[in-house]
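Within every chain, numbering begins at 1; the chains are lettered A, B, ... in the order of the sequence lines, protein sequences first and strands thereafter.
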2 protein chains.
Amino acid sequence: MARRGRPKAGEEAAHRDAVISAAFDELVAKGYEKTTMLDIAKRAGASKETLYNWFTNKEGLFSALIKYQADTTITRIKVALQDNTDPRTTLIDFAHNLLRILLSEPSLSLNRAAMTSVDLAAILLKHGRHATGSIVENYLERLAEQGYLKISSPESAFQLLYGLILQDWQIRVLLGETPPSEDLLSQHAERAVDLFFSLAKG
Amino acid sequence: MARRGRPKAGEEAAHRDAVISAAFDELVAKGYEKTTMLDIAKRAGASKETLYNWFTNKEGLFSALIKYQADTTITRIKVALQDNTDPRTTLIDFAHNLLRILLSEPSLSLNRAAMTSVDLAAILLKHGRHATGSIVENYLERLAEQGYLKISSPESAFQLLYGLILQDWQIRVLLGETPPSEDLLSQHAERAVDLFFSLAKG
DNA sequence: GTTAAACCGTACTAGTAGGTACGTTTAAAG
DNA sequence: CTTTAAACGTACCTACTAGTACGGTTTAAC
């Protein structure tokens, strides 16, 4: 990975990804404060100066991480919601994905990092919670129009669904509790969606 | 507050409280990383060496903060649950208190601080979430025995209640969103408890 | 070829904060 | 009255890290 001199054509994107990936690894291993720009550079086979050229500063680099993770999250959620089977299965799939993502180490580390900087927090809120929120709200609104749900507003419906799915798992795991197993997660997703329907089906 | 020399008898407790209070103020104002021991000492009219004598190190001081806040929280929750009116009113009172506490600046700042240290996180988890959890679970179990609820386990019942009450408010406010108004909070508490009963009443 | 951009590696700057040491002061203890 | 514990204030040490500067190197571009 360590190349010296001007990069060959077409190599830039891969190199940038290597930096992002290295930053994730360091972040998960050490946390935001103890992750240094030098460590990231070394792991990526890049130089510190390059990191600063590309991302301006440490916050800039980590805001790029947030956006990167948010993009893959959004993609996965959109895929889950495009399932054309019944709404129950679709929502269970969504719930399962949401739990898996939000309880994954990269997401947790990113959330912890965001707590230490108002700017990072704002970016995470915008690209994370609010971005997925509006997508799911659209979906719920469609369900309501089709008569599957009776809801007062898409926002409050999504908040309810979110609460039923996540309960206090995220905050507990953020504080160091070990996350539930895959099996428990999928059981929980199913139960949460069923509760949601029993509350929102009118 | 700034006394020099050996303290007069009976002054120690007040002085210790002054340090705790100063630490809270600094924490809320600047966040954990940017709060220095010197700042706290100055605000409390104490010396840095005294802080280290009393609390060993920075983490020790903040773990004292966590325990202090947890104690007052537990007290308030116990009071709310001792109400001998009907269960619905009691739980709404509890829900309202929980929301107010968890969305208050001191609690938020403490949670953000705990995210940066596994040790602090463990303490917060134990004295915060788990301590209140077991109290409320006991209460819910009593309700179940009295026939007010049909629940599979107190743990899962409390988790459900918690999810209905808090939804994603805590994580959103932790990330910088402005918390809902008092009015919204109490409306929300009522709605959450009603949903809980409609799900858990069998 | 020659130029110039992008990059690596190393060294350097500067600021900061946790933690310690010490001399001084006050009041409790006896 | 003397001794001693507890505390203040200041100065100090140590370690670390974000960010900058620069010289050397490789490749694209022309």
Please identify each residue that fulfils side chain to side chain donor-acceptor pair (under 3.5 Å) with [X], with sequence neighbours left out.
{"X": "Gln170(B)", "answer": "none"}
{"X": "Asp86(A)", "answer": "Thr89(A)"}
{"X": "Thr36(B)", "answer": "Asp39(B)"}

State which of dG9(D), dG18(C), dA18(D) makes the closest approach to the side chain of Glu49(B). dG9(D)
Separation of dA6(D) atom C1' from Arg16(B) atom CZ, nearest Å, is 15 Å
Send over the distance from Lys42(B) NZ to dA17(C) P, rounded to a whole Å. 11 Å
Tell me, please, which residues at least two apart from Phe158(B) pass ring-ring contact (aromatic ring centres under 6.0 Å, His included). Tyr162(B)
By side-chain contact (heavy atoms from CB on, under 4.5 Å), which residues pair with Pro106(B), not counting sequence neighbours? Phe24(B), Gln69(B), Ser104(B)
Who are the side-chain contact (heavy atoms from CB on, under 4.5 Å) partners of Ala114(B), not counting sequence neighbours? Leu175(A), Leu120(B), Ala121(B), Leu124(B)
Quick note, ring pair (Phe, Tyr, Trp, His ring centres under 6.0 Å) partners involving residues 29-54 of chain A, not counting sequence neighbours, are His15(A)-Trp54(A), Tyr32(A)-Phe62(A)
Heavy-atom contacts under 4.0 Å between residues 54-67 of chain B and DNA chain C, which residues? Asn57(B), Lys58(B)
Would you say a side-chain N or O of Thr50(A) is under 4.0 Å from OP1 or OP2 of dC8(C)? yes
I need the residues from residues 29-38 of chain A with at least one non-hydrogen atom less than 4.0 Å from DNA chain D; give them sorted by number, or say none. Thr35(A), Thr36(A), Met37(A)
